Number of protein chains: 2
Amino acid sequence: MASPRPYHHGSLREALIESALTLIAEVGPQAFTLREVARRAKVSHNAPYRHFRDKDELLAALAAEGFERLTVYMNRSAAAGLNALDRFRFSGRGYVEFALEWPQHFQVMFDWPACMAKYPEYNAAGKAAFETLLGFVIAAQGDNGLPKGDPQPLALLAWSVVHGVAKLAVSGHLPFEAARVLEFTRYAVESMLPACSS
Amino acid sequence: MASPRPYHHGSLREALIESALTLIAEVGPQAFTLREVARRAKVSHNAPYRHFRDKDELLAALAAEGFERLTVYMNRSAAAGLNALDRFRFSGRGYVEFALEWPQHFQVMFDWPACMAKYPEYNAAGKAAFETLLGFVIAAQGDNGLPKGDPQPLALLAWSVVHGVAKLAVSGHLPFEAARVLEFTRYAVESMLPACSS
DNA sequence: ACCTGAACACCGTTCAAGT
DNA sequence: ACCTGAACACCGTTCAAGT
């Protein structure tokens, strides 16, 4: 993929994000190091500063990328649903699947709040992910699967439920193996639904 | 409180935990530093190693302490309930209140899983906190507020819901100020309950 | 423009030494 | 026992310099 160039890359930024994602998946955000990212991308330890103001800005880019991938997971899982309400339910399963597969990436997205809030890229990606969920709620409302009215509380409720399951599972506080976590997700999402039905 | 002694303390361990708790509340777990803890406790930067094997062991002690305080919050909030079902509901409010008041401490408890799992003190404290919640479920079952049967899934469901609300609120992803978060908690807990009613 | 090496002020952790 | 200072191998970040 990479063509030989003056020093190293034509697109160091992408290479750095790539290295950073695999590093973070290996060691987690605590042990994540800018210098190690540079080493893996075969550049000097401060070449990254040409593309990111500091470590936080790289982490914000990773988090934003994470929200896009999370959206893909939700959409892919939802596609298995037979109707709008079903797709809404399945999107929550996709959410938890993402967290189980990429726990460290998931952590960067949600556990670095102070550093992230100032990066518009991060905020936009988070907003887009939520709007995907909101879309499933609205579709289910149109389909009479959910009561009409403001879809936002319903979407926030669904988000809270799947986020709680995902977070507890990832931190090892649920007494289930991975497959059972998805069953439990289903149980949790359905427990929440009756309150919404018209 | 502290009496003059040979070098500094009679009870350096407690002083270190105290310093660590205020430091972590100020700067968060990312910026938390063992050397700064020592500085604040007025001891040399490696005096802590007499009481903790390494930084992780101190963090595990903080997390364990956090679970005990979380339990106090749940019990205190539940005491306002008029019956067993009500106390169960209110305990969830206490959970979220703790997270909102001590977000960084809450983060240490749940976002350092790899480091923590090996410390029995941490596991025991987490288990005790969960058993408090389980106790509220069982009491509500006895009071006919919740259906009989295995209380564990109900307790895990409740935990997931309040944990999700707490985590999203703390990371700035809920569009509410603190007071509204507690209202939303109530809404979330009640949305989950109908599925449990007999 | 993009990359480099040297430098600075910090970490966590270890170790030999003091009382 | 409990504490100390010096030391080691790391960080994130800055800066003057190379092509």
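Each chain gets a letter, A, B and so on, in the order the sequences are listed, and its residues count up from 1. For clarity, every value in this text was computed on a predicted model and none was experimentally measured. In what follows, every heavy atom counts, from backbone to side chain, and hydrogens, waters and symmetry copies are set aside.
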Nearest to the side chain of V43(B) - dC3(C), dT4(D), dG12(C)? dT4(D)

At less than 4.0 Å, is any side-chain N or O atom of Y49(B) found next to OP1 or OP2 of dT14(C)? Yes or no. no

Between R53(A) and dT14(D), does any side-chain N or O lie under 4.0 Å from OP1 or OP2? no

Distance in angstrom units between L58(B) CG and dG12(C) C1', rounded: 13 Å

Confirm from the modelled atom types if R35(B) and dT13(C) form a donor-acceptor pair under 3.5 Å, side chain to base only. yes

Please report the distance, rounded to the nearest Å, between CG in L59(B) and P in dG12(C). 10 Å

Dot-bracket pairing map - DNA chain C, Watson-Crick plus G-U, both contacts under 3.5 Å, | cross-strand: ||.|||||...|||||.||

Euclidean distance, atom CD of residue E36(B) to atom C1' of dG12(C) [Å, nearest integer]: 15 Å

Donor-acceptor pair, side chain of Q107(B) and main chain of D111(A), under 3.5 angstrom: yes

Return the value, rounded to whole Å, for the distance between atom CZ of R50(A) and atom C1' of dT19(D). 14 Å

Among dC11(D), dA6(D), dC3(D), which is the nearest nucleotide to the side chain of L12(B)? dC3(D)

Nearest-Å distance for atom pair NE2/C1', residues H51(A) and dA1(C): 10 Å

Residue list, salt bridge (Lys or Arg N to Asp or Glu O under 4.0 Å) with R50(B), at least two apart or on another chain: none

To the nearest angstrom, how far is N46(B) atom CG from dG12(C) atom C1'? 10 Å

Please work out which of the three classes, parallel, tilted or perpendicular, describes the rings of F106(A) and Y95(A), given edges at 30° and 60°. perpendicular

Donor-acceptor contact below 3.5 Å, side chain K55(A) vs main chain F32(A): yes

Any idea how F98(A) and H105(A) line up, ring-wise: parallel (<30°), tilted (30 to 60°), or perpendicular (>60°)? tilted

Is there a donor-acceptor contact under 3.5 Å linking the side chains of W102(A) and Y73(A)? yes

From CG of L34(A) over to P of dC10(D), roughly how many Å is that when rounded to an integer? 17 Å

What about H45(B): does its side chain form a donor-acceptor pair under 3.5 Å with the base of dT4(D)? no

Of the candidates dT14(D), dC11(D), dG12(C), the side chain of T33(B) sits closest to dG12(C)

How are the rings of F184(A) and Y187(A) set to each other: parallel, tilted or perpendicular (split at 30° and 60°)? tilted

Separation of K55(B) atom NZ from dC11(C) atom C1', in whole Å? 8 Å

With a 4.0 Å cut-off on heavy atoms, is S44(A) in touch with a base, just the backbone sugar-phosphate, or nothing at all? base

